[in-house]
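The chains referred to below are lettered A, B, ... by the order of the sequence lines, with proteins before strands, and numbering in each begins at 1.
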Amino acid sequence: MASGSYSLMWFRKALRIHDNPALEHASRASSFLYPVFVIDPRYMDPDPGAFSPGSSRAGINRIRFLLESLSDLDSSLKKLGSRLLVLKGDPDQTIIRCLKEWNINRLCFEYDSEPYYQSLDEKVKSLASSAGVETFCPVSHTLFNPLEIIKKNGGRPPLTYQSFIKLAEKPSWESSELNIPISSLPPVGDVGSCKIFDVPTLRELGHSDFELDENTPFRGGESEGLKRLKDVLSNQDWVANFEKPKGDPSAFHKPATTVLSPYLKFGCLSSRYFYQCINDVYKDVKHSVPPVSLLGQLLWRDFFYTVALGTPNFDKMKGNRICKQIPWNESDELLVAWREARTGYPWIDAIMVQLRKWGWIHHLARHCVACFLTRGDLFVHWEKGRDVFERLLIDSDWALNNGNWLWLSCSSFFYQYNRIYSPVSFGKKYDPNGNYIRHFLPVLKDMPKEYIYEPWTAPLGVQTKAKCIIGKDYPKRVVCHDSASKDCRRKMGEAYALNQRLHGLVSEHDLTNLRRNLEEKYQTAEMNCRSKRQKRSC
DNA sequence: GAGCCGTTGTCATT
DNA sequence: AATGACAACGGCTC
């Protein structure tokens, strides 16, 4: 053993023991194994200036989910004779310092295709290699290697799901045994002068003033993720017949989807292991197929990872070659109303409350509020909505979040901007009584079901009896959906025409001009509607 | 250049 | 529950 390697396993995602190739490699023929997680203060320290409790980058629910995942990882490592070494500081400097301090000759971490990690890992790898440290960075976060798919497609990512499926074919590891139990790990060596922490609590990080009335019901960690997976798999009929668009977005006591996304996001659950489990259920049973099936959802994830990696400025409108250039509103007033659940549309506001409290909302609920903010009603820039989701979601994932905002705003992938979700009727068809609204917007809990989706239409007597006066206890609508959505359709039409005319090469100047034109044309319409509504005092 | 396809719209009608 | 009108998009294949 004395001649074995000194290995450092750097955890970022892949917060798991099962199907973790980097961890397996790091523990093979090692005298000592140092399992490390670096807490970046920018990600974890409180930021009182942010619009919700949490750090400058993440809301409180996701920080908590991460801490729970780290605790669980630490206890799993301890069962195998090891432990998690938590350090604080700039990730690259901290890792480089550890390599020197501990005489590491092998550095292992999971490949990550996000831009943040692409540049961080480049730096760390080059410093490691100049110090003579071997690095091992396997692809294990996704089913496929996104770089290989892009290469196979001639250097550009496939832009449709079907072309992605054709290119991807079957994963190389499909019939390998991925979840081999580990019985023990090499010991952790001397840590020298490096300051090692236990996994901190939220309070130890300085987060103390977060609301306690209702937080996310989802606990982080590999153990929780595997337990949840087991629960999902125990209902084989449900797994086999799953069809994504058929789920009920208003179900919250028992969500209509798996809620495995936060576990996949942090790598508490291996997407590859999940894939194999689903395939096991599919064997000899009639089952749904991609894109709507459960397996299809994992393929969507890989699809977005691939497009995101192969598209410069994927997370922006400007300089993004697959993104339609659209003259979104520049006012922040409507954005804030949406973000703070004050649009006056109970279905939209209830979803935004659930997002803030739980850090998780159903996929179709995400569609409703994203469509409403952008092309459906408010015409606010998708990047601003993206930022809100990125902060508040416990499962927020760079590629998926940006990809879905591009999709829902009809900026890329999906272009049928006439299909707009109604902020009234969409929710009503699943939950006619408005139980979802009553739970997340208790101010409306006594509103009769006839009015709960459109409380501004309730007679004053009804509002009084329900102890909810519109304009006082609950806000008036920020826009009238009928006219606002019609304006949005026309604006999208004009923006699309401009993009087509200029072959996508729309300059800042072109966009400003169009914005000015559209404002002149449509401001009057919405103003008229607003004053009409004021006369009706709704 | 035409034709087909696209994970998940709404509303009215049957 | 299923259908068609609404009004009609871009990407891909041929």
Undergrad: Would A:Y161 count as stacking on B:dT7 if stacking means ring centres less than 5.5 angstrom apart and planes tilted under 30 degrees?
TA: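 One would not call A:Y161 stacked on the B:dT7 base.
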
Undergrad: May I ask which nucleotide in the shown strands pairs with C:dA2, Watson-Crick or G-U wobble, both distances under 3.5 Å?
TA: B:dT13

Undergrad: Within this structure, what is the CZ-to-P distance between A:R375 and C:dC9, rounded to whole angstrom?
TA: 15 Å

Undergrad: Among A:R366, A:R301, A:K265, find the one that has a salt bridge (charged side-chain N to carboxylate O under 4.0 Å, His left out) with A:D395.
TA: A:R366

Undergrad: Which nucleotide, if any, forms a Watson-Crick or G-U wobble pair with C:dA8, using both distances under 3.5 Å?
TA: none

Undergrad: Between the side chains of A:H141 and A:D112, is a donor N or O closer than 3.5 angstrom to an acceptor N or O?
TA: no

Undergrad: For nucleotides C:dG4 and C:dA8, find the distance between their C1' atoms and express it as a whole number of Å.
TA: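 After rounding to an integer number of Å, I get 15 Å for this pair.
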
Undergrad: Measure from NZ or CZ of A:R219 to the centre of the six-membered ring of A:F65 and say whether it is under 6.0 Å with the direction within 45° of the ring axis.
TA: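 No; the conditions do not both hold, so A:R219 does not lie above the ring face of A:F65.
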
Undergrad: Determine the interatomic distance between P on C:dT13 and the same-named atom on B:dT7; round to the nearest Å.
TA: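 14 Å, rounded to whole Å.
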
Undergrad: Across all strands shown, which nucleotide pairs with B:dG1 by Watson-Crick or G-U wobble geometry, both distances under 3.5 Å?
TA: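 Paired with C:dC14.
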
Undergrad: Between P on B:dG6 and CZ on A:F413, what's the gap in Å once rounded to a whole number?
TA: 17 Å

Undergrad: Quick one: label A:Q297 by what it contacts on the DNA or RNA (base, sugar-phosphate, nothing), any heavy atom closer than 4.0 Å.
TA: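 Base, at least one base atom sits under 4.0 Å.
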
Undergrad: Tell me whether the side-chain N/O atoms of A:Q500 come closer than 4.0 Å to OP1 or OP2 in C:dG10.
TA: yes

Undergrad: Return the value, rounded to whole Å, for the distance between atom CG of A:L159 and atom C1' of C:dC9.
TA: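 It is 16 Å, rounded to the nearest whole Å.
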
Undergrad: Searching all strands shown, indicate the nucleotide that pairs with B:dT8 (Watson-Crick or G-U wobble; both distances under 3.5 Å).
TA: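 B:dT8 is paired with nothing.
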
Undergrad: Kindly say whether the aromatic ring centers of A:W338 and A:F372 come within a distance under 6.0 Å.
TA: no

Undergrad: Can you list everything that forms a side-chain contact (heavy atoms from CB on, under 4.5 Å) with A:C468? Sequence neighbours excluded, please.
TA: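 Listed in chain order: A:V443, A:L444, A:M447, A:I470, A:D473, A:Y474.
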
Undergrad: Find the distance A:L295:CG to B:dT7:C1' and express it as a whole number of Å.
TA: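 That distance rounds to 14 Å.
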
Undergrad: Using a 4.0 Å heavy-atom cut-off to protein, can you give one letter per nucleotide of nucleotides 9-14 of chain B, 5' to 3': B if the base is in contact, S if only the sugar-phosphate is, - if neither?
TA: BSS---

Undergrad: Could you tell me the separation between the CD1 atom of A:I322 and the P atom of C:dC12, rounded to a whole number of Å?
TA: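 Those two atoms, CD1 and P, are 11 Å apart.
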
Undergrad: Take the protein atom CD1 of A:I165 and the nucleotide atom C1' of B:dG6, then report the distance between them rounded to whole Å.
TA: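 Taking CD1 of A:I165 and C1' of B:dG6, I get 13 Å after rounding.
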
Undergrad: Starting at atom CZ of A:R366, determine the distance to atom P of B:dT8, rounded to an integer number of angstrom.
TA: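 Distance, rounded to whole Å: 17 Å.
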
Undergrad: Taking CZ from A:F242 and P from B:dT8, how many angstroms apart are they, rounded to a whole number?
TA: 14 Å

Undergrad: With rounding to the nearest 0.5 angstrom, report the CZ to OG distance, A:R375 to A:S411.
TA: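 If I round to the nearest 0.5 Å, the distance is 9.5 Å.
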
Undergrad: What about A:F304 and A:F164, are their ring centers closer than 6.0 Å?
TA: no

